[in-house]
Number of protein chains: 2
Amino acid sequence: MVNLKELSKALELSQTTVSRALNGYPEVSAKTRDRVVEMARQLGYEPNLQARRLATGRSMAIGHVIPRSVHDMMNPIFLEFIAGAGQTYATHGYDMIISVVEDNNEEDAFREIASRKKADGVILQGPRINDRRHDLLDQLGLPFVVHGRITGAEERTSWIDVNNRRAFERATNLLIDLGHKRIALINGLETMDFAVRRRTGYETALQAHGLEPDQKLMSSADMTEPYGAETAIRLLKSQEPPTAFLVSSMISAIGVARGISLCGLRIGKDVSVITHDDALSFLPNSGEVPIFTCTRSSVRYAGIRAAEMIIQKVNEEGDEHAYEHLEAELILGQSTGPAP
Amino acid sequence: MVNLKELSKALELSQTTVSRALNGYPEVSAKTRDRVVEMARQLGYEPNLQARRLATGRSMAIGHVIPRSVHDMMNPIFLEFIAGAGQTYATHGYDMIISVVEDNNEEDAFREIASRKKADGVILQGPRINDRRHDLLDQLGLPFVVHGRITGAEERTSWIDVNNRRAFERATNLLIDLGHKRIALINGLETMDFAVRRRTGYETALQAHGLEPDQKLMSSADMTEPYGAETAIRLLKSQEPPTAFLVSSMISAIGVARGISLCGLRIGKDVSVITHDDALSFLPNSGEVPIFTCTRSSVRYAGIRAAEMIIQKVNEEGDEHAYEHLEAELILGQSTGPAP
DNA sequence: TTGAAAGCGTTACCAG
DNA sequence: CTGGTAACGCTTTCAA
């Protein structure tokens with residue numbers, strides 16, 4: 001394990017020059033640089049990260065703080081996002097450090113990242129309604145990118161988000177076009193920013209077609225499989241059952257499908273279903289004709305882009321914020337058909 | 001942001017003494033220690049991690065390297081494991097660094113962790129048949145704990161694993177006791193160590209009851225939902241359909257259930273299903289009578305224990321290996337009944 | 001284009 | 001019990 005000192009001794013050059021040659025500084029002659037690079041390769045020199053970090057004051061890492069409650073319910077989505085982000089970090093020489101913390105410790109986690117310089121920047125996960133975390137991060141001087149959006153702080157933060165409102169509006173429109181009038185919304189927890197946007201899109205479409213949103217057809221909870229099944233059954237057995245369901249996640253949609261078939265109904269015939277699909281690898285909804293008609297947006301891609309954004313942000317002094325608004329695709333599958 | 005120098009100046013003590021007081025060395029007088037601690041609190045002193053890492057040569061981080069292919073199919077399980085591990089790391093002052101790498105880059109990832117001291121130890125994820133990664137890690141001198149087991153290297157590695165063979169043997173026994181004779185195995189990819197163990201348990205139970213394992217009833221693939229559904233349908237429509245399914249993951253089991261109902265059969269009546277349940281938070285299978293009869297083992301708990309093991313390993317010079325063998329619970333749900 | 005030397009903020013050895 | 005001082009391995013300023 002050679003270090004810079006030994007390497008420079010072997011080359012009969014100063015540490016300074018060797019360091020400069022290796023880090024691509026312009027003022028070293030091409031000849032010396034080649035010699036240095038070659039020798040470094042031969043001796044298997046790898047700069048010590050801790051030393052570099054100490055010297056530069058940069059940790060070359062990005063932090064992801066995941067509150068337990070959020071993690072619990074969005075687990076698969078997170079990992080997919082993280083996988084995308086991790087890929088990008090790797091190619092840029094950044095490490096990814098992940099902290100899964102109890103909900104009430106999230107602030108401390110951020111403070112520690114900032115004060116002990118564990119990371120040069122962070123990704124803000126799972127923005128909530130009235131989220132104040134961006135204030136804390138600004139105050140800590142910790143650069144960040146929001147995965148999702150904080151309503152009301154769009155101009156004061158960098159973020160990447162799916163156009164959830166529009167996706168759900170389009171999905172609702174499709175159902176209405178198919179003749180559905182009673183459309184249920186099986187939404188995620190509406191303490192989450194994205195869930196509210198989705199409901200807005202749904203309500204907007206209904207109202208644009210003269211349909212009055214019916215509270216009895218809307219529900220909001222953690223997006224588990226049983227939640228989908230139970231809600232579907234409850235609604236299908238009610239006085240005025242819906243003929244279609246708009247669901248916030250594949251997991252719950254699978255539950256909804258189960259509920260529908262438990263009620264002796266056929267999905268795509270008696271009852272239509274559209275779900276949002278995050279394109280998770282273990283829940284493929286592809287093929288010629290996907291099982292579920294869906295609004296699809298790759299959360300892995302979002303991770304890739306979020307990572308690129310935070311890296312850029314960390315490296316630039318510029319104070320401007322960057323946004324990226326992704327449009328979901330509306331993909332026709334087997335789970336929708338004309339209203340009976 | 002005070003540093004040690006300023007803190008010691010404020011106290012009119014040497015850096016040495018202050019450092020010792022803060023790090024709990026015994027040779028500091030109680031009085032001085034109190035004074036130091038108090039002043040540190042007042043000034044909000046927090047030791048710089050990078051400096052400490054450089055000085056001690058320890059990175060105070062544990063690495064998790066996740067090959068893409070493995071990630072893709074086991075995504076939810078990984079994050080649950082990681083959540084457990086992360087919790088433990090946090091309480092012990094360790095960081096968790098995650099690398100999601102292309103399959104053919106896994107070796108490089110380990111080498112880099114070792115040579116650049118990115119982490120003091122790693123968790124080896126998703127052991128495969130004829131896995132050689134432990135050799136590499138030994139050679140790199142990087143302490144590690146296997147999540148799962150490497151058949152043939154049990155004595156030469158530290159590991160934590162569920163007793164998969166036994167779990168599947170018991171599950172098969174239960175089905176046999178219920179009168180089932182044609183039991184299908186919907187297994188994970190049998191390039192994975194755990195999948196082979198599961199099949200062994202299944203075959204052992206069959207043979208112990210004089211039933212000949214039938215290759216036509218066994219399948220092995222990535223554990224997606226459609227895989228479960230398609231395989232179930234194919235088998236149920238075959239010449240000699242099974243009356244029961246033993247499934248390797250909740251996700252595929254949900255697919256199996258869908259397949260069964262698409263065939264017009266009732267789960268728990270016409271066809272029985274037992275699945276392995278990793279106790280993922282977004283796929284709850286609990287309640288009074290769980291939907292699926294299952295062999296259950298918390299993968300989050302495995303993460304917690306694995307983290308404890310690697311931390312201990314990193315901190316001790318001892319060369320002995322540690323093992324932990326978890327027994328899965330066999331839990332009766334609604335998806336099993338007597339053979340028709 | 002190159003080099004000497006001063007940091008970066010700790011920990012750890014050796015004296016006293 | 002306390003302090004001086006030398007690492008730790010790199011980057012960066014200042015001079016040449």
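Here is the naming used below: chain letters follow the sequence lines, and residue numbers restart at 1 for every chain. What's counted below: heavy atoms across the whole structure, side chains too, no hydrogens, waters or symmetry copies.
Atom CG of A:Asn130 has 12 or fewer heavy atoms from other residues, nucleotides or ligands within 6.0 Å.
The closest side-chain heavy-atom distance from B:Trp159 to B:His147 is not below 4.5 Å. In this structure the side chain of B:Val101 never reaches within 4.5 angstrom of the side chain of B:Ile66, judged on heavy atoms. B:Val100 is not listed as a side-chain neighbour of A:Tyr89, based on a closest heavy-atom distance of 4.5 Å or more. Contact check for B:Phe110 versus B:Asn105: no side-chain heavy atoms found under the 4.5 Å cut-off.
Regarding contacts with the backbone of C:dG3, a side-chain N or O of A:Thr17 is found under 4.0 angstrom from either OP1 or OP2. Between B:Tyr25 and the phosphate of C:dA12, there is a side-chain N or O to OP1/OP2 separation shorter than 4.0 Å.
Atom pair A:Arg35:CZ and C:dT1:P shows a separation of 15 Å (rounding to whole Å applied).
Partners of A:Asp138 according to the side chain to side chain contact (heavy atoms under 4.5 Å, CB included) rule, which considers only residues two or more places apart in sequence or in another chain, are A:Phe144. Contacts of A:Arg111 classified as side chain to side chain contact (heavy atoms under 4.5 Å, CB included), with partners at least two apart in sequence or in another chain: A:Glu107, A:Asp108, A:Leu136, A:Gln139, A:Leu140. Legend: residues meeting salt bridge (Lys or Arg N to Asp or Glu O under 4.0 Å) with B:Asp193, ordered by chain and number and at least two apart, are B:Arg197. Taking B:Glu6 as the reference, nothing meets the salt bridge (Lys or Arg N to Asp or Glu O under 4.0 Å) condition, with sequence neighbours excluded. Legend: residues meeting salt bridge (Lys or Arg N to Asp or Glu O under 4.0 Å) with A:Lys118, ordered by chain and number and at least two apart, are A:Glu112, B:Asp95. Partners of B:Ala90 according to the side chain to side chain contact (heavy atoms under 4.5 Å, CB included) rule, which considers only residues two or more places apart in sequence or in another chain, do not exist here. Residues satisfying the side chain to side chain contact (heavy atoms under 4.5 Å, CB included) test with B:Ala40, not counting sequence neighbours, are B:Leu7, B:Leu22, B:Tyr45. Every residue meeting the salt bridge (Lys or Arg N to Asp or Glu O under 4.0 Å) condition with A:Arg305, not counting sequence neighbours, appears here in chain and number order: A:Glu308, A:Glu324.
At a threshold of 4.0 angstrom between heavy atoms, the contacts of A:Leu49 with the nucleic acid are absent.
Fit an axis to the five pairs at each end of the helix from C:dT1-D:dA16 to C:dG16-D:dC1 and the two axes sit 40° apart, to the nearest 10 degrees.
On the nucleic acid side, DNA chain D has its first and last nucleotide under 4.0 Å of a heavy atom of chain A at D:dG9 to D:dT13, going 5' to 3'.
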Protein-nucleic acid N or O pairs under 3.5 Å, nucleotides 13-16 of chain C:
none

Give each protein N/O atom lying under 3.5 Å from an N/O atom of nucleotides 7-10 of chain C, with the pair distance.
{"unit_1": "C:dT10", "atom_1": "OP1", "unit_2": "B:Tyr45", "atom_2": "OH", "d": "3.2"}
{"unit_1": "C:dT10", "atom_1": "OP1", "unit_2": "B:Asn48", "atom_2": "N", "d": "3.2"}
{"unit_1": "C:dT10", "atom_1": "OP2", "unit_2": "B:Leu4", "atom_2": "N", "d": "2.5"}
{"unit_1": "C:dT10", "atom_1": "O5'", "unit_2": "B:Tyr45", "atom_2": "OH", "d": "3.1"}

